[in-house]
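Report on one structure; see the data block that follows.
Counting starts at 1 for both ligands and their atoms, in listed order. As the structure is a prediction and not an experimental result, all values here were calculated from the model. Computed over heavy atoms, backbone and side chain alike; hydrogens, waters and symmetry mates excluded.
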Amino acid sequence: MKFEKPAGENPIDQLKVVGQPHDRIDGPLKVSGRAHYAYEWHDVLPNVAYGYIVSAGIAKGKISEINCDAAGNAPGVLSIITADNAGPLGKGERNAATLLGGPQIEHYHQAVALVVAETFEQARAAAGLVDITYQRESGAYDLAAEKPAVNSAPESAPDKNSGDFDAAWASAEVKLDATYTTPDQSHMAMEPHASMAVWEGDKVTVWTSNQMVAWCRTDLAATLKLPEENVRIISPYIGGGFGGKLFLRSDALLAALAARALQRPVKVMLPRPMIPNNTTHRPATIQHIRIGTDRLGKITAIAHDSWSGNLPGGTPETAVNQTELLYAGANRHTGLRLATLDLPEGNAMRAPGEAPGMMALEIAIDEMAERAGIDPVEFRILNDTQVDPKDPQRPFSRRQLVECLRSGAEHFGWSQRNATPGQTRDGEWLVGYGVAAGFRNNLLAPSGARVHLDDAGRVTVETDMTDIGTGSYTIIAQTAAEMLGVPLSHVEVRLGDSSFPVSAGSGGQWGANTSTAGVYAACVKLREAIAKKLGFDAASAVFADETISVGDRSAPLKAAGALSAEDTIEFGDLDEQYQQSTFAGHFVEVAVDAATGEVRVRRMLAVCAAGRILNPKTARSQVIGAMTMGLGGALMEELAVDTRQGYFVNHDMATYEVPVHADVPEQEVIFLDDTDPISSPMKAKGVGELGLCGVSAAIANAIYNATGVRVRDYPVTLDKLL
Ligand code: MOS
């Protein structure tokens with residue numbers, strides 16, 4: 001089905017099942033241990049061997065010798081895979097660094113060998129005996145030091161200019177010129193990367209933990225130099241991804257190589273302390289923002305340049321995306337700068353681009369509001385735009401930023417805020433309120449599904465879509481139940497298998513809208529097949545209460561017998577005609593200990609406009625999770641770079657701090673009615689990344705309001721407040 005016109009009335013609008021706060025249908029399986037995660041598939045195959053990864057101990061250079069004698073003779077060892085004996089390997093188009101390194105080393109903890117043994121403990125013990133001699137080379141590890149050398153835009157991301165920024169900046173009445181930094185961050189998904197592989201002839205099956213089954217299949221096939229149809233990927237349950245599991249990683253490749261060499265199933269997990277340096281991370285940024293307004297506080301000039309680093313072949317962190325679209329202003333400039341660094345590969349982490357971009361921009365807006373003498377909620381409203389500021393002919397499909405801010409301010413009690421910083425005391429605590437806009441684009445991608453009706457009237461949905469803890473199973477079941485008029489309990493959803501139709505996958509907060517739209521399309525076809533079989537006019541048929549009816553005539557669905565339909569939703573150019581984005585107002589109250597600088601977040605509120613909310617319970621869960629991540633980004637999260645040795649020092653959960661329950665306050669989420677007929681037949685958009693964008697800045701702004709100290713370098717740790 002091609003979605004080309006704004007969606008009219010359709011069966012989803014009944015909202016009998018869709019839009020209801022149903023519990024996760026996969027919840028009981030998860031809490032009772034019956035949902036198989038990637039490292040738990042050994043009971044489907046006998047005789048599984050265990051692989052343990054040996055990873056590089058330098059950041060850049062060459063292996064001059066790798067001696068596996070002692071490891072090879074250790075108890076239980078079956079095989080040791082290295083680049084020397086792995087056979088010729090290709091490279092997936094989505095990986096910048098090579099997944100099995102050697103002799104060249106591209107980054108610290110790059111996998112260089114896999115030791116396979118009868119047990120996990122034997123493999124781990126023997127991995128410690130692999131003796132590697134390196135020839136070190138010097139590398140570049142310090143973004144701030146490399147920054148001046150890279151003052152040109154990468155080819156893939158040219159500068160964007162409209163109007164005349166320089167002239168408008170020169171004549172602006174009120175100005176801000178400030179630089180902000182965000183650190184490298186790690187996804188820290190609860191479930192480590194893990195895979196199990198088995199071969200039958202020249203066909204491989206890999207059980208793994210991956211957000212994008214079709215990407216993983218394509219890239220594994222390319223790396224193994226196999227036709228795609230010889231690769232099957234199975235990833236039905238995922239313990240968090242946050243972008244860290246968008247791509248094929250070394251665990252999956254090495255499991256496949258070892259399973260081929262041994263002709264038996266092999267499991268490989270990345271140990272927690274290997275994950276931050278072996279896989280990808282959110283790259284650090286240095287962001288230079290200039291904003292100028294007229295006398296009344298209207299933005300006349302806005303410029304945002306962002307520097308980040310990556311390995312050769314890597315891309316920049318697109319931290320200026322939102323600045324192209326969030327506020328009005330005729331004269332604009334955005335630019336991305338990319339330094340070559342020899343740190344591990346930078347790539348997508350939850351709301352790549354907007355999350356760190358909003359961390360900087362929304363502090364800048366707070367600073368600008370203060371300089372202009374305008375309340376920060378009002379300043380944002382004053383500078384709202386209902387069209388793409390570069391192209392006034394191009395409206396937003398829906399844009400309720402003003403409503404998010406107004407209702408948030410009302411609900412939060414914003415009028416209680418003292419505009420003068422450092423004036424509100426609660427005993428030893430300085431108290432402050434902060435606000436930020438939330439913004440994340442709504443992205444679209446084709447998504448397919450197959451729907452099957454059996455002769456008992458039960459429905460099965462199959463798609464390679466994944467559920468990374470987000471609720472995909474549940475909203476997909478709700479969609480099929482609504483479309484076919486059956487109770488939710490009659491729908492079984494099967495996800496995460498490359499033998500199912502290719503979906504849009506879980507990334508970029510597009511998964512909920514696009515994957516359910518794919519199920520919608522398949523259900524439209526199945527409704528037509530049912531109607532035809534039972535002699536009804538498909539266009540006027542009503543599907544409800546397990547029956548199909550037209551006027552007085554009806555028949556039970558199960559009378560149609562077994563029927564299947566498959567379709568893919570495809571999107572025309574509606575998202576070029578209309579800018580599709582999601583919006584939020586984030587409000588935060590903090591308390592800062594006047595003596596020690598300790599920050600406690602006391603209250604958080606997010607008011608979101610993110611299209612139709614398909615399930616308010618799972619959507620709320622996404623948003624409070626994202627708010628918690630934003631709290632971590634504001635106060636704690638930072639991969640510490642060793643700029644001499646070139647690696648992330650705090651590469652485990654003991655030293656890379658994320659919020660725990662005791663750090664998380666009262667969180668409230670309000671969804672505005674934002675049914676968007678431009679986004680898809682579901683009229684939904686994404687919410688999982690929106691919930692993060694802006695949160696950290698709202699906290700930094702609240703800290704400023706509490707203390708009068710303006711911190712422009714994240715995380716806002718207490719040493720920066722004293
Ligand atoms: Mo998201 S960073 O595309 O999983």
Side-chain angles (χ1 to χ4, degrees), residues 38 93-96 182 184-193 208-216 219 235 237-249 275-276 279-285 308 310 314-319 321-322 344-359 438-447 464-472 495-496 503-515 580-582 610 618-619 621-623 625-626 628-630 632-633 637 639 658 685-696:
E93 59 175 290
R94 296 171 186 89
N95 295 114
T182 64
D184 297 283
Q185 294 181 334
S186 184
H187 310 86
M188 289 292 166
M190 193 69 92
E191 179 205 24
H193 300 252
T208 189
S209 183
N210 192 291
Q211 300 171 226
M212 302 292 295
V213 164
W215 291 2
C216 185
D219 285 347
S235 182
Y237 298 104
I238 298 165
F242 310 114
K245 294 175 182 164
L246 287 168
F247 313 108
L248 171 69
R249 299 303 321 165
I275 293 174
T279 68
T280 58
H281 66 281
R282 189 201 298 287
T285 64
S308 58
N310 217 328
T315 51
E317 179 69 24
T318 53
N321 283 357
Q322 68 292 319
E345 180 178 344
N347 212 314
M349 181 168 139
R350 199 173 194 170
E354 282 100 330
M358 292 295 280
M359 288 168 83
F439 176 95
R440 172 71 168 129
N441 270 329
N442 187 58
L443 305 173
L444 301 171
S447 195
D464 85 354
M465 178 62 186
T466 50
D467 189 323
I468 58 177
T470 37
S472 311
L495 299 183
S503 73
S506 296
Q509 82 167 6
W510 63 64
N513 177 46
T514 54
S515 73
Q580 291 188 34
S581 305
T582 59
T618 54
S621 172
Q622 281 295 291
V623 176
T628 304
M629 199 176 213
E637 287 192 56
L639 285 168
V658 297
K685 291 195 272 201
V687 74
E689 296 184 339
L690 173 68
L692 169 61
C693 296
V695 173
S696 302

- Task: Using the test side chain to side chain contact (heavy atoms under 4.5 Å, CB included), find all partners of Thr315 that sit at least two apart in sequence or belong to another chain.
- Result: none
- Item | Every residue of the protein that comes under 4.0 Å of ligand 1, judged on heavy atoms | Gln211, Phe242, Gly243, Leu246, Ala348, Met349, Arg350, Pro352, Gly507, Gly508, Glu689
- Query: His187: what forms a ring pair (Phe, Tyr, Trp, His ring centres under 6.0 Å) with it, not counting sequence neighbours?
  - Reply: none
Please tabulate, for the side chains in residues 237-244, all donor-acceptor contacts under 3.5 angstrom to protein atoms that are two or more places apart in sequence or on a different chain.
none

- Any side-chain donor-acceptor pair under 3.5 Å between Thr182 and Glu317? no
- Query: With a 4.5 Å heavy-atom cut-off, do Ile468 and Lys245 have their side chains touching?
  - Reply: no
- Task: Could you tell me whether the side chain of Met212 reaches within less than 4.5 Å of the side chain of Thr466, counting heavy atoms only?
- Result: no
